[in-house]
Amino acid sequence: MKVFQIGAAGGVGRRLACLLVQRGDQVSGMYRRPEQADTVHDSGAAPIAGDLISDTVEQLAEKMIGHDAVAFSARAHGTDMDQTTAIDGTGLQKAAQAAEHAGAKRFVLVSVFPEALRGAAEPSAGFEHYAAAKKEADAYLAGTGLDWVIVRPGTLTHEQGTGLVTAGPAVVYGDVPRDDVAAFIAGALSEPEVNRQIVELTRGEDRSGGP
Ligand SMILES: NC(=O)c1ccc[n+]([C@@H]2O[C@H](COP(=O)([O-])OP(=O)(O)OC[C@H]3O[C@@H](n4cnc5c(N)ncnc54)[C@H](OP(=O)(O)O)[C@@H]3O)[C@@H](O)[C@H]2O)c1
């Protein structure tokens, strides 16, 4: 399988690239800052420069041609709402349109639990905006003709993966190691029968290598 990753130099992205390459997939990893090319290369993926904000849909599609699937784990950093809209919102829309143009039919999106960080003593407007942008992105992707899977992990941790998750259409909010999210996405990418589904994901008791 040929997989095109967006956010390949990130925490989930580079773990996912390592897993896909280890099992024999061909992986292209899109990164936006020149210094991230080595990170992508070290994961075993082929580094491809690109930017969800400055690239057009046509430019993104050109990079995706020849790939079977897209895995999107990009996100904006910080609380700049315009950046969040441009990356997590419009960026996802551009990526989905590009995948359709390029014929990369399978599309796995890393989203977020709708109830993440609810009930905080001091609610953050930036986080509320991020959560809303992610939800709009989910709705956009769900309306495309792609073979999509939306994965909504709980709070991501840097702990070593356990190989065990709780996954389903609605699970109780919790945290989950990035290792286990990457393993779950790797499994989802190669299971065509898991299609047009939203999967919430936390640490848990089931094997993490697929839905
Ligand atoms: N953190 C959590 O607890 C949590 C919880 C649930 C879901 N999520 C979601 O999980 C996913 C993966 O998280 P993570 O920890 O792996 O994130 P991460 O380490 O921040 O990785 C995100 C990657 O996206 C890249 N990116 C940002 N803007 C881009 C653009 N315009 N064009 C191309 N690439 C761009 C970043 O590059 P730069 O370094 O250049 O910005 C970075 O390499 C995200 O979608 C996030 O929203 C996170």
Side-chain angles (χ1 to χ4, degrees), residues 4-19 28-43 45 47-57 59-60 63-64 70-96 98 107-118 120 124 126-138 141 149-159 161 165 167 171 173-186 188 198-203:
F4 188 88
Q5 280 189 248
I6 300 176
V12 169
R14 57 180 186 272
R15 288 168 171 83
L16 175 60
C18 290
L19 293 175
S28 303
M30 193 173 104
Y31 66 94
R32 69 167 170 171
R33 287 183 284 126
E35 62 270 28
Q36 294 169 329
D38 285 346
T39 305
V40 175
H41 182 265
D42 291 349
S43 71
I48 306 227
D51 190 318
L52 288 166
I53 298 176
S54 56
D55 280 8
T56 63
V57 171
Q59 287 170 323
L60 290 170
K63 299 178 212 285
M64 290 179 191
V70 175
F72 185 111
S73 61
R75 66 155 180 180
H77 295 279
T79 55
D80 181 326
M81 295 191 206
D82 290 341
Q83 286 284 305
T84 300
T85 301
I87 296 165
D88 299 86
T90 314
L92 174 279
Q93 295 188 14
K94 288 168 73 177
F107 197 113
V108 177
L109 168 64
V110 185
S111 185
V112 68
F113 257 77
E115 70 268 44
L117 299 189
R118 285 293 131 79
S124 148
F127 189 84
E128 290 296 322
H129 179 77
Y130 163 75
K134 285 289 205 192
K135 182 62 195 292
E136 277 183 36
D138 291 359
L141 184 62
V149 178
I150 295 167
V151 180
R152 292 179 174 165
T155 300
L156 301 179
T157 76
H158 290 288
E159 292 164 82
V165 292
V171 308
Y173 181 62
D175 60 14
V176 59
R178 283 175 171 81
D179 284 351
D180 292 328
V181 176
F184 187 87
I185 297 167
I198 295 175
V199 186
E200 297 185 347
L201 192 70
T202 63
R203 68 173 68 240

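Counting convention: from 1, in listed order, for ligands and their atoms alike. Numbers here are sequence positions counted from 1. All heavy atoms count here, side chains included; hydrogens, waters and symmetry mates do not.
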So which atom in [X] and which in [Y] form the shortest heavy-atom distance, rounded to 0.1 Å?
X      : Y      : answer
Arg32  : Asp51  : CD-OD2, 4.0 Å
Gly29  : Ala45  : N-CB, 4.1 Å
Pro177 : Gly161 : CB-CA, 4.1 Å
Val12  : Ala182 : O-CB, 4.1 Å
Asp55  : Lys94  : O-NZ, 2.5 Å
Glu115 : Val171 : OE2-O, 4.2 Å

Compare [options] and give the one whose heavy atom is closest to [atom].
atom                    : options                      : result
atom 22 (C) of ligand 1 : Gly91, Gly154, Ser73         : Ser73
atom 34 (N) of ligand 1 : Arg32, Arg178, His77         : Arg32
atom 11 (C) of ligand 1 : Val176, Val110, Asp88        : Val110
atom 45 (O) of ligand 1 : Ser111, Ala74, Ala9, Ala131  : Ala74
atom 31 (N) of ligand 1 : Val181, Asp51, Thr157, Leu60 : Asp51

When you measure from [atom] to every protein heavy atom, which one gives the shortest distance, and what is it?
atom                    : value
atom 16 (O) of ligand 1 : Val12 N, 2.8 Å
atom 32 (N) of ligand 1 : Leu52 N, 3.0 Å
atom 19 (O) of ligand 1 : Gly11 N, 2.8 Å
atom 6 (C) of ligand 1  : Pro153 O, 3.4 Å
atom 17 (O) of ligand 1 : Arg75 NE, 3.2 Å
atom 48 (C) of ligand 1 : Leu156 CD1, 3.3 Å
atom 42 (C) of ligand 1 : Gly10 CA, 4.1 Å
atom 46 (C) of ligand 1 : Tyr130 OH, 3.4 Å

- prompt: Only one of Leu92, Val70, Leu109, Ile48 clears side-chain contact (heavy atoms from CB on, under 4.5 Å) with Ile6; which?
  reply: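 Testing each of Leu92, Val70, Leu109, Ile48 against Ile6, the sole residue satisfying side-chain contact (heavy atoms from CB on, under 4.5 Å) is Val70.
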Which of the numbered atoms in ligand 1 are below 4.0 angstrom from a heavy atom of [X]?
X      : result
Thr155 : 3 (O)
Gly7   : 23 (C), 24 (O)
Val112 : 6 (C)
Arg33  : 38 (P), 39 (O), 40 (O)
Gln36  : 37 (O), 38 (P), 39 (O), 40 (O), 43 (O)

message: Between Asp180 and Arg203, is there a side-chain heavy-atom distance shorter than 4.5 Å?
response: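 They are not in contact (no side-chain heavy atoms under 4.5 Å apart), so the answer is no.
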task: Answer whether the closest heavy-atom distance between the side chains of Val199 and Phe184 falls below 4.5 Å.
output: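 The answer is yes, as the side chains (C-beta and beyond) meet within the 4.5 Å cut-off.
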field: ligand 1-proximal atoms of Ile87, by part, heavy-atom distance under 4.0 Å
entry: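 Ile87 to ligand 1: side-chain contact only, backbone stays beyond 4.0 Å.
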field: Side chain, backbone, both or neither: the part of Phe72 lying under 4.0 Å from ligand 1 by heavy atom
entry: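 Neither part.
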- request: Could you verify whether a donor N or O on one side chain and an acceptor N or O on the other, from Asp175 and Thr157, lie under 3.5 Å apart?
  value: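 Looking only at side-chain atoms, Thr157 and Asp175 do not form any donor-acceptor pair under 3.5 Å.
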field: NZ/Lys135: more than 12 non-hydrogen atoms of other groups inside 6.0 Å
entry: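 Open: at most 12 neighbouring heavy atoms sit under 6.0 Å from NZ of Lys135.
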message: Given His129, which partner from the list Asp82, Asp88, Thr84, Thr85 fulfils the side-chain hydrogen bond (donor to acceptor under 3.5 Å, both in side chains) test?
response: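 For His129, the side-chain hydrogen bond (donor to acceptor under 3.5 Å, both in side chains) test succeeds with only one of Asp82, Asp88, Thr84, Thr85, which is Thr85.
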